[in-house]
Amino acid sequence: MSNPVFQLLEQRNSCRAFLPDAVPLADLRDIIAAARRAPSGANLQPGGFHVLTGAPLDRLRAALADVAQSPPEPSEYSYFPNPMPPHLRARQRRAGYALYHALGIERRDIAGRQAQFAKNYRFFEAPVGIIVTIDRNMGAGCFMDLGMALMALMLHAHSMGYGTCGIGALANHGRLTHQTLGLAQDDIVVCGIALGRPDTQAPVNAFRTERAPIEDYATFHGFEEDHPDERS
């Protein structure tokens, strides 16, 4: 019997090209509500979702366009390991090269790469942009709980025929985003999410990243072999 949850996990991908179709508010409320079904320690339910479309989204895009090529602001939280271990750096590069290849951007095309990265700040022209925040007084473990909420949001959106793309780059200009949206003082901008109907004709949406084999990240203890040697 096929497992619908596993099918969603296999099918979901980061969508980087969207149709302009508006997303009904009822659908967005349903998607955001699904995020809150994720587990959280002590039921704290950390994180906030600021859902933008139309003029509010355009104002944020315009503000980010002015700083798209500027150096990042001082980070309010650590995303990548510093320094990046060689094996993770290699994984990061493989994913980047594969994405640029799907877009027809050559390795030495620095301008092309920069232009593609700047699309993060345009939310890839999706009709909906979501700003994800967390109260700075929450503990580090609450980021884990927020991550589960984001996964629930993305899977439910996919089940409804929508595409999503997490935008970690938004944290590069978290303070600008904070100011533009008038967020609460203790809110940290964690990331953005682009959401809308995927453009299935766009080559970039056929791009898939590889996943590490299970032997690379999991160990099993106390289990017998599937076919143990026979003993007399």
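Computed from a predicted model, the values in this text were never measured in an experiment.
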Item to complete: Give the intermediate values and the outcome of side chain to side chain contact (heavy atoms under 4.5 Å, CB included) for residues V190 and L146.
Response: CA-CA 10 Å; V190 177; L146 178 56; 4.0 Å; yes
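- Smallest separation of non-hydrogen atoms from S75 and S78: OG-N, 4.3 Å.
- Grouping Ile, Leu, Val, Met, Phe, Trp and Tyr residues whose side-chain heavy atoms lie under 4.5 Å apart, directly or via other members, leaves I110 alone, with no other cluster members.
- The hydrophobic cluster containing L99 also includes Y100, L103, I105, V204, F207, under a criterion of side-chain heavy atoms closer than 4.5 Å among ILVMFWY residues, counted directly or through chains of members.
- Taking the side chain as every heavy atom from C-beta outward, S40 and M144 never approach each other to under 4.5 Å.
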* Mind running side chain to side chain contact (heavy atoms under 4.5 Å, CB included) on Q45 and N43 for me, showing each step along the way? => CA-CA 5 Å; Q45 304 176 47; N43 198 32; 3.1 Å; yes
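- The shortest distance between side-chain heavy atoms of M151 and L153 does not fall below 4.5 Å.
- Every side-chain hydrogen bond (donor to acceptor under 3.5 Å, both in side chains) that D58 has, sequence neighbours left out, goes to R61.
- The aromatic rings of Y77 and Y79 are tilted relative to each other, their planes meeting at an angle between 30° and 60°.
- Annotation: side chain of V51 is in contact with side chain of I32 (closest heavy-atom distance under 4.5 Å).
- For R208, the CZ atom counts as densely surrounded, since its 6.0 Å shell holds more than 12 non-hydrogen atoms of other residues, nucleotides or ligands.
- Residues satisfying the side-chain hydrogen bond (donor to acceptor under 3.5 Å, both in side chains) test with R113, not counting sequence neighbours, are none.
- Counting only distance, with no hydrogens or angles, the side chain of D145 and the backbone of G41 share a donor-acceptor pair below 3.5 Å.
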### Task
Apply the test side chain to side chain contact (heavy atoms under 4.5 Å, CB included) to residues T164 and C15: give CA-CA distance (whole Å), side-chain angles for both, the deciding distance (0.1 Å), then the verdict.
CA-CA 5 Å; T164 60; C15 179; over 6 Å; no
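- For the pair Q69 and A118, the tightest heavy-atom approach, listed with the atom from each and the gap, is NE2-CB, 4.1 Å.
- Under the 4.5 Å side-chain contact rule for hydrophobic residues, L150 and M138 share a cluster.
- Distance CG/N172 to SG/C191: 12.0 Å, rounded to 0.5 Å.
- Defined by atom type and a distance below 3.5 Å, a donor-acceptor pair is missing between the side-chain atoms of Q11 and N13.
- The CG atom of N120 lies 7.0 Å from the SG atom of C165; values are rounded to the nearest 0.5 Å.
- Atoms CG and CD, from D109 and Q114 in turn, are 9.5 Å apart once rounded to the nearest 0.5 Å.
- Taking OG1 of T209 as the reference point, atom CZ of R91 lies at 10.5 Å (rounded to 0.5 Å).
- When side chains are defined from C-beta on, R59 counts as touching P56, because their heavy atoms get closer than 4.5 Å.
- Side-chain contact annotation: R16 with S14, donor-acceptor N/O pair under 3.5 Å absent.
- From L25, atom CG reaches atom CG of D30 across 11.0 Å, with rounding to the nearest 0.5 Å.
- P127 places none of its side-chain heavy atoms less than 4.5 Å from the side chain of L195.
- Taking CD of Q92 as the reference point, atom CZ of R89 lies at 5.0 Å (rounded to 0.5 Å).
- Using a 4.5 Å heavy-atom threshold, the side chains of L155 and L9 count as touching.
- When the side chains of ILVMFWY residues are joined at heavy-atom separations under 4.5 Å, either directly or via intervening members, V128 and L19 end up in two distinct hydrophobic clusters.
- Counting only N and O atoms by type, the side chains of T133 and H50 include a donor and acceptor under 3.5 Å apart.
- Side-chain N or O atoms of N205 include one that pairs as donor or acceptor with a backbone N or O of D199 at under 3.5 Å.
- Through side-chain heavy atoms spaced under 4.5 Å, either directly or across other Ile, Leu, Val, Met, Phe, Trp or Tyr residues, Y121 is tied to F18, L52, L57, L60, L64, V67, F117, F123, F124, I131, I167, L170, L176, L181, L183, V189.
- Counting all heavy atoms, side chain and backbone alike, E76 lies closest to R175 at OE2-CG, 4.2 Å.
- Within 6.0 Å of atom CZ in R36, more than 12 heavy atoms from other residues, nucleotides or ligands are found, so the atom counts as buried in its surroundings.
- The closest side-chain heavy-atom distance from M160 to H156 is below 4.5 Å.
- By the salt bridge (Lys or Arg N to Asp or Glu O under 4.0 Å) test, E73 pairs with no residue at all, sequence neighbours left out.
- In summary, the side chains of H221 and T219 do present a donor paired with an acceptor at a separation below 3.5 Å, with no hydrogens or angles considered.
- Checked by atom type and distance alone, the side chain of R37 never pairs as donor or acceptor with a backbone atom of A152 at under 3.5 Å.
- Within 6.0 Å of CZ in R94 there are more than 12 heavy atoms belonging to other residues, nucleotides or ligands.
- With a 6.0 Å radius and a threshold of 12 heavy atoms from other residues, nucleotides or ligands, Q179 has its CD atom at or below the threshold.
- Under the 4.5 Å side-chain criterion, counting only non-hydrogen atoms from C-beta, D187 is not in contact with R136.
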Quick one, Y162 with L28, criterion side chain to side chain contact (heavy atoms under 4.5 Å, CB included). Give me CA distance, side-chain angles, the key distance, then yes/no.
CA-CA 10 Å; Y162 292 106; L28 290 166; over 6 Å; no
